[in-house]
Protein chains: 2
Amino acid sequence: MNKNLKRMATMQNMQKTGLELFYTKGYYNTSIDDILKELSLSKGAFYYHFSSKEDFFIEIVQNLLARKVYSLLIEPIEGHENPFELITNCFEDALETAVHNEMDFGFILGNFISEFNGRNPKIMKHLNDVLKIWEVNLVSTLQRGKFNGYIDRHTDSEAVAVFLISSFLGIRTMMVETAPSALKYRFMHQIKVYFKAIEAKKENV
Amino acid sequence: MNKNLKRMATMQNMQKTGLELFYTKGYYNTSIDDILKELSLSKGAFYYHFSSKEDFFIEIVQNLLARKVYSLLIEPIEGHENPFELITNCFEDALETAVHNEMDFGFILGNFISEFNGRNPKIMKHLNDVLKIWEVNLVSTLQRGKFNGYIDRHTDSEAVAVFLISSFLGIRTMMVETAPSALKYRFMHQIKVYFKAIEAKKENV
DNA sequence: ATAGTAACAAACTAGGTGGTCGGTTTATAT
DNA sequence: ATATAAACCGACCACCTAGTTTGTTACTAT
């Protein structure tokens, strides 16, 4: 096999199982040996490709987390259609993966932010960068929605974006144990109630 | 000094600094020695009073966390006044302590839930109990609000409670790094927008 | 005064942790 | 075929962890 391909494959395997284990067990609670055991690889292989556990994690954030957040939470709401529908569908999909206990990258992001807060500023910076990208793009979508006449023009897009992200991160925290499906249903309903409050008032059509 | 008093004092000191360190550094990332060093006590003292690190933490949840959640997030919204004002003021106060980087017990709860999710079912049960108590009491307040004519009677109180808690937990996650004061302001504004959407429609007063 | 015991101290165990390093395999270029 | 370097192995190190054990105070009831 081509050496370069092998290198890429090994590194990607490590990053993939690394993310899975960091997500399910937590960063500090997952040892490098845990990851290597899963792949039947040795310490030597790990430290040949990565310089430290911290750097390894940062590469995971940039190569896997950031891209997934982009493709699952940002791209789907980029159109010029009704922003309420775009965002609703996007959240609906994300929470549905959560109900099925699959990896939901918005939640993973929030989880890591909790874990590293006040403990590792370097990693926190990278996580906050991803969060910021999500926020900025949500603001864009909302501004576009105002421009296209869907959203009341007095609405504070920044505030709405913050509110949406925070409620999403929060509901995911709550969904971890008790009846996720019921929680999702209730949450989505209230999101729609909220959207009604900020939609453009049609002055007698 | 009375021996019983001394016992109580030592245990409470351990629990207090224990909670502070678990909160700031995380449970798995805080060793018992860390706590003991802070108090200039020895391992012998710890294992004389507590049977394990896990039991120690559970006692903290019940003795400190649960009580604080009750006195800071439940009691303040128990009156018969306008529930929107009660909840708004309560969140306002809680987020203000967050801005000043003091311990906000709603957030601590959400943080621990993230940390123990999927890692320690026994501890998770105790944390979920506290969360459930908060939720149940929020529902009571909302129902009372409907009864007293403040909240639209078609409103799903359970869903609103879930939505409020999730958004609160989420905004606290976001406040950990970037401009907490601005986030708080934006968040509180959108909470009010949301409340407007579920308040009782006054049919020509 | 003294016996008993609560409340600690301090050294220790057994098992992990991130990280290092000399050596071995495997693919590729010549 | 052979030289070379990439990719990987696995023993090892220093350190840290929760938890145990054995001793030493200091108070307190009698």
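Chain A is the first sequence line, chain B the second, and so forth, proteins listed ahead of strands; every chain is numbered from 1. Predicted model only: the values in this text are computed from it and were never measured.
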Decide if atom NZ of B/K16 counts as having more than 12 heavy atoms of other residues, nucleotides or ligands within a radius under 6.0 Å.
no

Tell me the interatomic distance from B/Y27, atom OH, to D/dT17, atom P, rounded to whole angstroms.
13 Å

Please determine whether a side-chain nitrogen or oxygen atom of B/R7 lies at a distance below 4.0 Å from atom OP1 or OP2 of C/dA6.
no

Nucleotide C/dT28, atom P - distance to NZ of A/K6 in whole Å
10 Å

Name the residue closer to the 5' end of DNA chain D, choosing between A/L41 and A/Y48 according to the nucleotide with the nearest heavy atom.
A/Y48

When you measure from the side-chain N and O atoms of A/S31 to the phosphate of C/dT17, is any distance below 4.0 Å, counting only OP1 and OP2?
yes

Where the side chain of B/H49 is concerned, which of D/dG10, C/dA7, C/dG19 is the nearest nucleotide?
C/dA7

Measure from the side-chain heavy atoms of A/K43 and tell me the nearest of D/dA7, D/dG19, D/dA11.
D/dA11

Going by the angle between their ring planes, with limits at 30° and 60°, are B/Y185 and B/H189 parallel, tilted or perpendicular?
parallel

Could you check how far NZ of A/K37 sits from C1' of D/dG10, rounded to whole Å?
15 Å

A/Y28 six-ring centre to B/K25 NZ/CZ under 6.0 Å and within 45° of normal
no

Rounded to whole angstroms, how far apart are CG on A/D55 and C1' on C/dG19?
13 Å

Take atom OH of B/Y28 and atom P of C/dT17, then tell me their distance rounded to the nearest Å.
13 Å

Which of the following nucleotides, C/dG18, D/dA7, D/dT20, is nearest to the side chain of B/Y47?
D/dT20

Under 4.0 Å: is that the gap between some side-chain N or O of A/T10 and OP1 or OP2 of D/dC8?
yes

With respect to the phosphate group of D/dA18, does any side-chain polar atom (N or O) of B/K53 fall under 4.0 Å of OP1 or OP2?
yes

Does the side chain of B/S31 come under 3.5 Å of the side chain of B/D34 through a donor N or O and an acceptor N or O?
yes

Without decimals, in angstroms, what is the distance between B/F46 CZ and D/dT21 P?
16 Å

Output the rounded distance in Å from CD (A/E54) to P (C/dG19).
9 Å

Regarding B/S51, tell me which of base, sugar-phosphate or nothing describes its non-hydrogen contacts under 4.0 Å with the strands shown.
nothing

For residues B/I32 and B/Y47, determine if any side-chain heavy atom of one lies less than 4.5 Å from a side-chain heavy atom of the other.
yes

Candidates D/dC8, C/dG19, D/dA18 - which lies nearest the side chain of A/A45:
D/dC8

